Amino acid sequence: MRKVTTRLATSAQVLYDFTAEPGNNELSVREGETITITNQNVGGGWIEAKNSRGEVGLVPEDYIEVCSGYQKWLLLAQKTGVMMLKIQLSPGASQASTSNGNDPWAVFDSNASGGFSNNWAAQPEGTETGETSSSAWHSGGHGHPQAYQGPGAEDDEWDEEWDDVKSSGGYAESEAGEGGAIHRGGAHGSSMKIALNKVLIAISFYMMRVRIYTVFQGGEAGPVWAYPDYQLDCVVADPKKGTKMYGLKSYIEYQVTPTTTNKPVNHRYKHFDWLYERLLDKYGSAIPIPCLPDKQVTGRFEEEFIKMRMERLQGWMSRMCRHPVVSSSEVFQLFLSYKDEKDWKMGKRKAEKDETVGVMIFSTIEPEGLPDLDLIEVEQKCEQFNRFTRAMDDGVKDLLTVGNEHWKRCTGPLPKEYQRIGKAFQNLSSVFNSSGYEGEATLTDALTAAGKTYEDIAQMVAEQPKKDLHFLMETNNEYKGLLGCFPDTIGVHKAAIEKVKEADKLVATGKITTSEKITMSKRASTMSYALQAEMIHFHTNRIYDYNRVMQQYLEQQVKFYEMIAEKLRHAHSQFTTM
């Protein structure tokens, strides 16, 4: 990565109040204050800084967060309302500005003079104008209260596993709303509503690129993510109850073991939640990040709930492991294989300061050796995929509703019907037995056995949904959440295409040059490659998942009915004819 320098002094944001002790050359600072760093090489966990009052002294490193050039731009933009700040690269690197024709990601910056206005001719769902410069850049603006807060906070913070809505544990409407992400999707949805002329920005980033290749599937060419040679996976297991604050607060900790190291690491639910927020911020514009299982107010330490949550966390982690971009990301690898508490906290803080978030992720995607796409054809494919995901969403919800109703019948009225039949047979056997006729003992015994058989069947019916329907419902519940993420992802892509369609008008009015129009198309083409790669990834996983779960469901159904048939055959054999 090339070093980026700016004309701004090195600034830092104060995270906590710090009161200097007399005679120690320390500097008193207040939480939220912006200070200027004058010497970062003091050592011993201290830095030298100047506060807003012009006083100079030492401040603990852990009490501040150093502002990058990007963050300082945000601070300045918030204070002055300036829409763009030029950032110069070190000698030998090209200057990132609106005139940079070599960088296909550099022509869409907003212009304070109006050269590239905030007005959009078309605003597809998922975009809006009128955002401030800070919200437009910082797509992950929804804060996460469980993020690492500095030394001591890990012990002092509230246990936030319980401060959200309660999950009922059902499958029909309780797990997610119409969008598939009722509790969390809203935050992501609002973060995606960004004017693309502020998103498609002028800063050149030099970093490891995510590569996309073309493969042929079914005779038709399509772009795919670059998949690793080794498929990562992990196991979430061994939940244990822990306490802190001298037993006043309790939590459940899970053991996560990746297949790459086979070394377990421990995580609480709040850590999974932190990972979800980081992945959503970083990749949500290009990759659907499904929600975690909901938090719960009561019953968090009940065995059944812990088992269900662990299973759903396992499903979520396995899905993330299967995505080549997510699974290879630094934040995901940190979650799976941090070395110790210090490594974990340092990695968390680094991830929280990551600037490549929101639609900035497209600047890291490189369609290697692939030509620019025909955006009209891409738009058609996008619309086809959009229709498919909406139809699949309806189908998944319908199956969840039917499955939920069937589950209730199997655990409620249906077993009772079999029990009533069984008791009726046994009552009839008792009546026959009271006749005093010695020759009917075989019949009455067979009737009693038949009655018990139906009582056994009632128990089997009540237990069967956990053996087959459960896994089918869980898979559909996962896809319900996943499908709820696609409208935002597709919305960003649609907005980019609409902007490219305006290019001729913008050229005619002198707002952009012809070369910038070409660059706009290149960048939109990259976004289209990413969307198509994600479409193929989704379809490939969908086919695999539904083949697997339907096989499992039908195998269990076959075993279930074979066991019932065996019991009925045995009951049948007890009756004899003269």
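Atoms considered below: every heavy atom in the structure, side chains included; atoms not considered: hydrogens, waters and symmetry mates. The structure displayed is predicted, hence computed values, not measured ones. Each residue takes its place number in the sequence, starting with 1.
- With respect to Lys480 and Asp393, no salt bridge is recorded, no charged nitrogen being found less than 4.0 Å from a carboxylate O.
- With sequence neighbours left out, Glu417 forms a salt bridge (charged side-chain N to carboxylate O under 4.0 Å, His left out) with Arg420.
- Checked against ring-ring contact (aromatic ring centres under 6.0 Å, His included), Tyr546 has the following partners two or more places apart in sequence or in another chain: Tyr479.
- Annotation: Tyr254 is not in aromatic contact with Tyr269 [ring centroid separation under 6.0 Å not met].
- Legend: residues meeting ring-ring contact (aromatic ring centres under 6.0 Å, His included) with His406, ordered by chain and number and at least two apart, are absent.
- Under the rule for a side chain to side chain contact (heavy atoms under 4.5 Å, CB included), the partners of Gln552 that lie at least two apart in sequence or sit in another chain are Phe471, Arg548.
- Checked against salt bridge (charged side-chain N to carboxylate O under 4.0 Å, His left out), Asp394 has no partners two or more places apart in sequence or in another chain.
- Side-chain atoms of Asn547 and Gln551 include no donor-acceptor pair closer than 3.5 Å.
- Under the side chain to side chain contact (heavy atoms under 4.5 Å, CB included) criterion, Asn386 pairs with Glu383, Thr389, Arg390, Ile490, Lys494, sequence neighbours left out.
- Using modelled atom types, one finds a donor on one side chain and an acceptor on the other under 3.5 Å when comparing Arg542 with His539.
- Contacts of Arg319 classified as salt bridge (charged side-chain N to carboxylate O under 4.0 Å, His left out), with partners at least two apart in sequence or in another chain: Glu478, Asp545.
- Every residue two or more places apart in sequence or in another chain that forms a side chain to side chain contact (heavy atoms under 4.5 Å, CB included) with Pro415 is listed here: Ala458, Val461, Ala462.
- A donor-acceptor contact under 3.5 angstrom links the side chains of Glu311 and His470, judged on distance only.
- A distance of 6.0 Å or more separates the ring centres of His267 and Trp274.
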Listed pairs under 3.5 Å, donor-acceptor, residues 230-239 side chains, sequence neighbours left out:
{"residue": "Tyr230", "atom": "OH", "partner": "Thr259", "partner atom": "O", "Å": "3.4"}
{"residue": "Tyr230", "atom": "OH", "partner": "Thr259", "partner atom": "OG1", "Å": "3.0"}
{"residue": "Gln231", "atom": "NE2", "partner": "Cys321", "partner atom": "O", "Å": "3.1"}
{"residue": "Asp238", "atom": "OD1", "partner": "Lys240", "partner atom": "NZ", "Å": "2.8"}
{"residue": "Asp238", "atom": "OD2", "partner": "Lys240", "partner atom": "NZ", "Å": "2.4"}

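- Contacts of Gln255 classified as side chain to side chain donor-acceptor pair (under 3.5 Å), with partners at least two apart in sequence or in another chain: none.
- Checked by atom type, the side-chain pair His537/Tyr227 shows a donor-acceptor distance below 3.5 Å.
- Residues forming a side chain to side chain contact (heavy atoms under 4.5 Å, CB included) with Glu303 (at least two apart in sequence, or on another chain): none.
- A salt bridge does not link Glu352 to Arg349: none of the charged nitrogens lies less than 4.0 Å from a carboxylate oxygen.
- Judged as a ring-ring contact (aromatic ring centres under 6.0 Å, His included), and not counting sequence neighbours, Tyr544 has no contacts.
- At a cut-off of 3.5 Å, with distance as the only test, a side-chain donor of Ser318 or Gln314 sits close to an acceptor on the other residue.
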